[in-house]
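Working notes, structure below.
For ligands, and for the atoms within them, numbers begin at 1 and follow the listed sequence.
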Amino acid sequence: MDTPNRQDFHKPRIGAELTLDRMAEKRADRAWIEQRLANKTSRFLLFVDLSLAVDSDADQDNTKLRWLTAGQIEQLGADLNDTYLLGCNPDGQAIFAASLSEAQASAAPGGKEALKPLVDLRSLAVQGALPDAELSLVGMGRALAAWHVSSKCCGRCGGYTRVNDAGWQRKCRACGQEVYPRSDPAIIVLITDGTRCLLGHHKRYTHKFYSTLAGFVEPGEDFEGCVRREMREETGVTIGQVTYMASQPWPFPHLMMVGCWAQALTTELTLEEEELHDARWFTREEVKMMMEEKHPEGFTVPGPHSIAYALIKSFADQPA
Ligand SMILES: [Zn+2]
């Protein structure tokens with residue numbers, strides 16, 4: 001299997017390099033965090049039920065990040081102690097994220113109006129309105145907010161937890177257990193028999209949309225073992241060599257996608273139909289047409305915000 005050069009690999013838009021410093025060494029410094037919260041230049045991204053408050057015109061064109069002040073965040077009912085430090089810009093400006101439920105935010109005076117419009121990160125990514133670094137910053141905030149939403153109670157004793165370390169830890173009020181933001185590993189795989197690649201159509205996808213196959217890493221399993229097991233279960237294909245290509249933080253809710261190329265030793269398909277509606281072998285020519293939305297049967301592939309696109313592109317770009 002001739003794998004592409006990792007240096008040439010397309011960098012997905014979500015997961016692109018951030019332009020801010022995460023300031024990890026300052027998160028537990030409460031006095032410093034309080035100074036940043038009180039500083040007039042500090043700004044906040046607001047997530048409401050994990051959708052982002054943005055600025056855009058009536059047609060929802062020209063979408064921009066909406067930067068709120070500490071005062072505006074408090075007016076919407078958020079406790080500044082429950083906000084998360086995303087980092088500092090090169091000029092020292094601190095960037096935080098706040099997360100509210102729609103019920104909380106709309107109960108505040110003027111809250112309903114202040115929330116419009118709210119956009120999900122997937123839509124923002126598909127629209128392509130934001131620079132890559134901003135899209136990645138929103139992804140970081142969304143993954144962190146999603147972890148907080150699902151970590152309000154202690155997994156050990158069931159007690160309530162509270163935000164610690166500027167959003168990078170939660171601590172149980174009852175037993176003191178500390179928990180940290182998590183990323184769940186999943187593999188995503190470009191399977192090739194040398195001249196074709198295998199793409200699947202999931203039941204949850206819109207019509208004629210084909211993508212690389214993916215699966216969750218189980219306890220006690222390495223990435224290569226996960227690729228071989230998942231691909232055998234989903235497609236019946238036996239996998240030989242597995243090569244790591246790149247990774248992508250995927251904030252739905254907080255996955256770490258591990259992108260691999262995998263060599264197919266067999267090509268006959270036995271689909272796990274509960275999940276996978278269809279899977280097919282596509283030639284490079286077909287894949288190029290799908291990327292350009294010119295396939296005669298109308299088949300398409302994911303957009304450039306995803307590592308799925310990067311894997312598919314790396315196959316399409318190889319010399320025939
Ligand atoms: Zn506890």
Side-chain angles (χ1 to χ4, degrees), residues 15 18 20-38 42 44-53 68 70 73-88 94-108 111 120-121 137-187 215-223 226 247 249-258:
L18 296 169
L20 51 62
D21 182 335
R22 289 169 172 256
M23 303 298 288
E25 72 283 7
K26 290 290 192 187
R27 291 169 186 162
D29 184 343
R30 194 62 215 163
W32 186 86
I33 293 293
E34 279 174 11
Q35 279 173 10
R36 294 297 101 196
L37 288 169
S42 297
F44 295 71
L45 292 176
L46 175 65
F47 292 89
V48 180
D49 289 343
L50 301 183
S51 285
L52 183 73
L68 291 97
I73 290 289
E74 283 186 306
Q75 265 179 13
L76 287 166
D79 182 339
L80 291 184
N81 292 317
D82 288 347
T83 59
Y84 329 131
L85 176 72
L86 300 184
C88 284
I95 301 297
F96 291 85
S99 171
L100 293 170
S101 68
E102 190 165 353
Q104 268 178 309
S106 56
D120 183 71
L121 175 56
L137 181 66
V138 176
M140 176 190 183
R142 190 191 194 280
L144 199 52
W147 174 76
H148 281 280
V149 166
S150 60
S151 306
K152 290 189 171 143
C153 290
C154 174
R156 185 160 68 184
C157 79
Y160 284 111
T161 60
R162 63 178 167 81
V163 177
N164 234 11
D165 289 359
W168 292 88
Q169 187 198 76
R170 290 188 77 96
K171 190 165 184 171
C172 178
R173 293 174 192 272
C175 76
Q177 162 136 294
E178 296 168 352
V179 288
Y180 297 87
R182 54 184 287 177
S183 296
D184 301 323
I187 50 93
F216 286 102
V217 180
E218 293 189 343
E221 193 169 51
D222 62 14
F223 296 146
C226 179
S247 62
W250 188 243
F252 305 100
H254 34 67
L255 300 181
M256 173 51 70
M257 305 302 290
V258 179

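- Listed by chain and number, the residues in a salt bridge (charged side-chain N to carboxylate O under 4.0 Å, His left out) with Lys171 are Glu178 (sequence neighbours excluded).
- With sequence neighbours left out, Asp82 forms a salt bridge (charged side-chain N to carboxylate O under 4.0 Å, His left out) with no residue at all.
- Between the CE atom of Met140 and the CG atom of Leu20 there is a distance of 6.0 Å, given to the nearest 0.5 Å.
- The Zn ion (ligand 1) has Cys154 SG, Cys157 SG, Cys172 SG, Cys175 SG as its protein N, O or S neighbours under 2.8 Å.
- Remark: Ile73 CD1 to Leu100 CG distance equals 7.0 Å, nearest 0.5 Å.
- Under the ring-ring contact (aromatic ring centres under 6.0 Å, His included) criterion, Phe47 pairs with no residue, sequence neighbours left out.
- The closest donor-acceptor contact from the side chain of Arg36 to the backbone of Ala94 lies at 3.5 Å or more, if one exists at all.
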